[in-house]
Amino acid sequence: LGASGGRVMLGRWDGARLELEELHRFANEPVCLGGTLHWDILRLLHEIKQGLRAAARLGVEIHSIGIDTWGVDFGLLDGQGRLMENPVHYRDASYRGMIEQAAQHIPLDELYDVTGIQFLEFNTVFQLLAFKQQRRAFLERAAQLLFLPDLLGYFLTGQMATEYSNATTSQLLDVRKRTWSNRILDALGLPKGILGEITPPGTRLGALLPEIQQECGLPAVPVISVCGHDTQSAIAAVPCPSGDFAFISSGTWSLFGTELRAPLCSETTRRLNIANEGGYDGRIHLLKNITGLWLIQESRRHWLAHPEQALFHSEAERTTRFTFAELEQLARDAAPSPARVNPDDPAFIPPGEMPAKVQAACRAAGYPVPQTVGEILRCIYTSLAETYRDTLQKISDCTGKTYPELHIIGGGVRDTLLCQMTADACGVPVKAGPVEATVLGNLAVQLLAAGDLDNLEQARQVIATDGICAVYLPG
């Protein structure tokens with residue numbers, strides 16, 4: 001599940017290769033109710049069931065199921081195990097200012113040193129602080145907090161667990177001890193009892209409930225707690241079986257980082273606001289969350305809804321239907337410009353009016369203001385590529401290592417312009433692929449749990465056989 005859509009995918013393993021088949025694709029659209037932005041988790045469960053039914057109709061034996069989603073967000077369950085409300089969306093406005101609120105109770109330097117997590121206003125710790133201040137009744141009634149892949153796994157199996165990779169995104173976990181931090185919970189006055197025992201990726205959660213089996217036409221298939229955070233599933237599929245590597249998991253967000261065997265919490269990582277997130281086999285991924293293709297996705301959504309506001313260089317360009325391929329071409333055709341934005345500007349977090357926000361940011365910074373669709377997109381592309389360049393240098397500064405190549409994985413691989421501009425800006429070859437990194441990493445952990453693969457390096461070697469789509473050279 002991603003922030004804009006979800007898929008149910010089938011993986012077929014023959015002992016040497018992993019083949020994929022898409023069974024069901026669906027939208028993931030948030031719902032605003034009473035001024036609060038929610039995820040429609042029951043609709044997502046319904047769509048997952050449709051995919052399971054499609055699997056059952058194939059007549060093949062399904063060995064296991066794994067679920068991955070984005071991080072930080074959660075559902076609250078009452079004492080009877082009932083979901084209290086639809087989970088709140090991480091882009092909800094209620095979380096603004098919570099970092100500053102937290103700083104009144106615990107020094108931010110200490111909060112970072114304990115957790116090693118990048119400060120983002122929607123991290124779980126700040127969401128819970130907002131709940132305490134604005135929705136206290138929910139916290140007082142809650143008996144259990146489940147991150148979204150764990151919540152969906154609970155719906156399917158009736159078993160509760162808290163998988164490690166998603167727990168690390170919360171900024172509530174002691175990154176060294178790998179347990180919940182009593183220091184943070186006590187300082188912020190947050191309830192401890194709602195946080196479950198943490199389980200490693202690859203743990204068997206339970207089998208499908210009888211009613212799910214009957215509804216979907218499947219037997220008691222086991223559900224595996226894979227790397228529930230989709231970024232960590234994607235990193236498990238980086239096609240580099242040995243040695244140091246740098247990666248960008250490219251989608252709505254761009255997660256830029258490298259893999260370590262132990263957390264790195266230093267003055268440099270704190271100053272640069274770089275996260276230590278946990279993955280499979282206790283790996284730590286030193287990474288930076290960067291607003292990625294969200295800027296392009298939201299601009300497209302605005303122009304589709306308001307085509308009269310889209311300006312073009314020529315009459316020929318007006319024939320565009322605003323497909324991503326067409327938008328990429330418009331950006332290619334636009335003349336280079338000094339116009340730049342900071343992709344992580346907080347103004348870009350809420351949905352809506354993205355082209356105007358980009359123009360306002362350029363105006364405020366004293367840059368020429370892009371006017372046409374192509375100019376706005378060119379500004380976004382250039383800004384992302386240069387942000388990647390700066391982030392690669394920051395990662396190198398933190399680790400003391402240089403990285404001779406950069407792996408781009410995930411849906412952003414399809415954007416050939418961004419891949420080439422990234423190679424040009426970073427000055428290193430870009431190896432692009434696999435597109436389906438998150439799916440492959442999810443399936444790899446299921447195979448590891450079943451004993452069909454021995455270790456993560458073997459899994460990456462299998463994926464590397466078919467995973468690299470293209471190589472982009474600087475210049």
Side-chain angles (χ1 to χ4, degrees), residues 2 4 234 246-256 288 290-304 310-314 316-344 348 354-355 357-359 361-362 367-392 405-437 467-475:
S4 59
F247 64 84
I248 303 174
S249 180
S250 179
T252 300
W253 290 88
S254 293
L255 292 305
F256 194 127
K288 184 81 170 176
I290 303 165
T291 301
L293 297 176
W294 167 253
L295 299 177
I296 296 172
Q297 293 164 352
E298 273 296 286
S299 296
R300 174 179 181 265
R301 193 168 71 87
H302 178 82
W303 287 320
L304 283 170
L311 300 180
F312 298 96
H313 275 294
S314 66
E317 290 184 347
R318 292 182 184 278
T319 61
T320 179
R321 296 184 179 181
F322 300 105
T323 67
F324 285 113
E326 288 173 323
L327 295 181
E328 181 183 338
Q329 188 60 49
L330 290 174
R332 285 183 187 276
D333 295 341
S337 164
R340 303 287 188 275
V341 296
N342 172 13
D344 294 321
F348 298 144
M354 189 61 71
K357 291 176 182 177
V358 171
Q359 291 174 316
C362 289
Y367 290 121
V369 178
Q371 299 296 326
T372 67
V373 169
E375 290 171 353
I376 292 170
L377 291 168
R378 182 81 182 206
C379 171
I380 293 171
Y381 273 101
T382 306
S383 300
L384 285 173
E386 294 185 357
T387 300
Y388 296 159
R389 175 199 63 199
D390 296 342
T391 306
L392 178 60
E405 62 186 27
L406 179 61
H407 288 268
I408 296 182
I409 56 177
V413 167
R414 297 187 179 96
D415 197 316
T416 60
L417 176 59
L418 184 58
C419 289
Q420 183 61 60
M421 292 181 74
T422 300
D424 294 341
C426 294
V428 297
V430 165
K431 291 185 175 180
V435 173
E436 299 290 4
I468 297 175
C469 304
V471 178
Y472 298 84
L473 301 177

Using the rule side-chain contact (heavy atoms from CB on, under 4.5 Å), only one of Tyr472, Phe256, Tyr388, Phe247 pairs with Leu406; which is it?
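Between Leu406 and the candidates, side-chain contact (heavy atoms from CB on, under 4.5 Å) is satisfied uniquely by Phe256.
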
Taking side chain as C-beta onward, heavy atoms only, is Pro370 less than 4.5 Å from Ser337?
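A side-chain contact is absent here, since even the closest heavy-atom pair is not under 4.5 Å.
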
Side chain to side chain, Val413 and Pro434, heavy atoms closer than 4.5 Å
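With C-beta onward as the side chain, the pair stays apart.
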
How would you list, by chain and number, every residue that makes a side-chain contact (heavy atoms from CB on, under 4.5 Å) with Arg301, sequence neighbours excluded?
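Testing Arg301 for side-chain contact (heavy atoms from CB on, under 4.5 Å), a comparison that skips the adjacent residues, returns Glu298, Pro351.
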
Residues that Ser4 engages under side-chain contact (heavy atoms from CB on, under 4.5 Å), provided they are two or more places apart:
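Expected list: none.
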
Looking only at atom types and distance, does a side-chain atom of [X] sit under 3.5 Å from a main-chain N or O of [Y], one as donor and one as acceptor?
| X | Y | result |
| --- | --- | --- |
| Ser383 | Pro343 | no |
| Asp424 | Pro474 | no |
| Thr372 | His313 | no |
| Gln420 | Thr416 | no |
| Ser254 | Ser250 | no |
| Glu328 | Leu417 | yes |

Please indicate whether Lys431 has more than 12 foreign heavy atoms, meaning atoms of other residues, nucleotides or ligands, lying under 6.0 Å from its NZ.
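Counting neighbours around NZ of Lys431, 12 or fewer heavy atoms of other residues, nucleotides or ligands fall under 6.0 Å, so no.
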
In Å and rounded to the nearest 0.5 Å, what is the CD to CG distance from Glu317 to Leu311?
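Glu317 atom CD to Leu311 atom CG measures 11.0 Å (nearest 0.5 Å).
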
Within 45° of the ring axis of Phe324 and under 6.0 Å from its six-membered ring centre, is that where the NZ or CZ of Arg300 lies?
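Geometry flag: set, cation within 6.0 Å and 45°.
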
